[in-house]
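One structure, as structure tokens, below. Some questions next.
All of these numbers come straight from a predicted model, not from anything done at the bench. Residues take their numbers from the sequence shown, with the count starting at 1.
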Amino acid sequence: VLLIAALVFAAYAWASASWLLVHETTQIIARSARAITQMQTDDHALLQARIVAGQDSVRFLAQTPPVAGLARALTHHGPDPQDGTPLATWQARLAQITSAFVRSNPNIFSIRLIGLSDGGRELLRVDQDAAGEVRVVAADQLERQGDRPYVQKALRLGPGQVDVSPIELHQALGQIE
């Protein structure tokens, strides 16, 4: 009888321990799932906030006086007809503003202003390397970007609209970097 009682007690203890282990494991899995869901929600919210901030930055840069002045000078193939400012002056001012902007934003790898003529040739490109060095790309190294999907899509946008294109590998001079 004692043997049977001991076996019943052992079986009960084992069953209780097993249930407790399963219950605790289930609780751990449920807490982990909630934590992962929260992290995904937080990451999604952070990504959305960064996208909105990026769109705001594009709108800011597009509204700087050198962008409009550069457009007017290019359209009239000479100095800006509004105030006589030479094209080179508008380019230098825009390069200075864009360089300062990139320097103050370490997450920006490159900013390009792409023209409509000459196959969508870049009018300005400012790059930042992993060490934070910012450089204005020389005019003879500016490239045609007109055939790139993001440029084609941007051409269909209205004033003030900003498109967030899919992430692509960076290409320079036809090489993926």
Heavy-atom pair with the smallest gap, counting every atom of Val67 and Leu94: CG2-CD1, 3.8 Å
CD-CZ distance between Gln161 and Arg156, expressed to the nearest 0.5 angstrom: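 Atom-to-atom, Gln161:CD and Arg156:CZ are 11.5 Å apart.
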Residues Asp163 and Ser165: side-chain donor-acceptor under 3.5 angstrom: no
Side-chain (Gln152) to main-chain (Gly146) donor-acceptor, under 3.5 angstrom: yes
Smallest separation among heavy atoms of Asp127 and Ser110, with atom names: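 It is OD1-OG, 2.7 Å.
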Atom CD of Gln96 with >12 non-hydrogen neighbours under 6.0 angstrom: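 Result for CD/Gln96: open.
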Close side-chain approach of Val52 to Gln55, heavy-atom, < 4.5 Å: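 Result yes, sub-4.5 Å side-chain heavy-atom pair found.
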Student check: side-chain heavy atoms of Phe101 and Ile108 closer than 4.5 Å: yes
For Gly84 against Pro79, the heavy-atom pair lying closest together: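 Scanning both residues completely, I find the closest heavy atoms to be O-CB, 3.6 Å.
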ILVMFWY cluster, Ile51 and Leu46 together (side-chain gap under 4.5 Å): no
Any side-chain heavy-atom pair of His76 and Asp80 under 4.5 Å: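 Contact flag for His76/Asp80 side chains = no.
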Crowding at CG, Leu116 (>12 non-hydrogen neighbours, <6.0 Å):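 Check fails, neighbour count at 12 or below.
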Reported OG1-to-CZ distance for the pair Thr89 and Arg93, which is rounded to 0.5 angstrom: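 Reported value, rounded in 0.5 Å steps: 6.0 Å.
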Backbone N/O of Ala95 and side chain of Thr98: donor-acceptor pair under 3.5 Å: no
Spatial distance of atom CZ (Phe60) from atom CD1 (Ile97) [nearest 0.5 Å]: 7.0 Å
From CD (Glu122) to CD1 (Ile111), nearest 0.5 Å: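 Those atoms lie 12.5 Å apart.
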hydrophobic_cluster_shared for Val134 and Leu113, side chain cutoff 4.5 Å: yes
Side chain proximity check, Val137 to Val126, heavy atoms < 4.5 angstrom: no
OG on Ser117 to CZ on Arg144, rounded to 0.5 Å: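 Going from the CZ atom of Arg144 to the OG atom of Ser117 covers 9.5 Å.
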Sub-4.5 Å side-chain heavy-atom contact between Arg121 and Gln145: no
Heavy-atom donor-acceptor pair, Gln128 side chain to Asn105 backbone, under 3.5 Å: yes
Point-to-point distance, once rounded to the nearest 0.5 Å, from OG of Ser99 to CG of Leu124: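 CG of Leu124 is found 7.0 Å from OG of Ser99.
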Arg135 atom CZ: more than 12 heavy-atom contacts under 6.0 Å: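 Enclosed.
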Heavy-atom closest pair, residues Pro66 and Trp90: CA-CE3, 3.3 Å
Full working for salt bridge (charged side-chain N to carboxylate O under 4.0 Å, His left out) between Arg125 and Glu143: CA-CA 9 Å; Arg125 186 170 83 231; Glu143 301 177 62; 3.5 Å; yes
Side chain proximity check, Leu74 to Leu123, heavy atoms < 4.5 angstrom: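 Yes. Closest side-chain heavy atoms under 4.5 Å.
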Test item: Leu157 and Val162 side chains (from C-beta on) under 4.5 Å apart, heavy atoms: no
Any donor-acceptor pair under 3.5 Å from Thr75 side chain to Ala71 backbone: yes
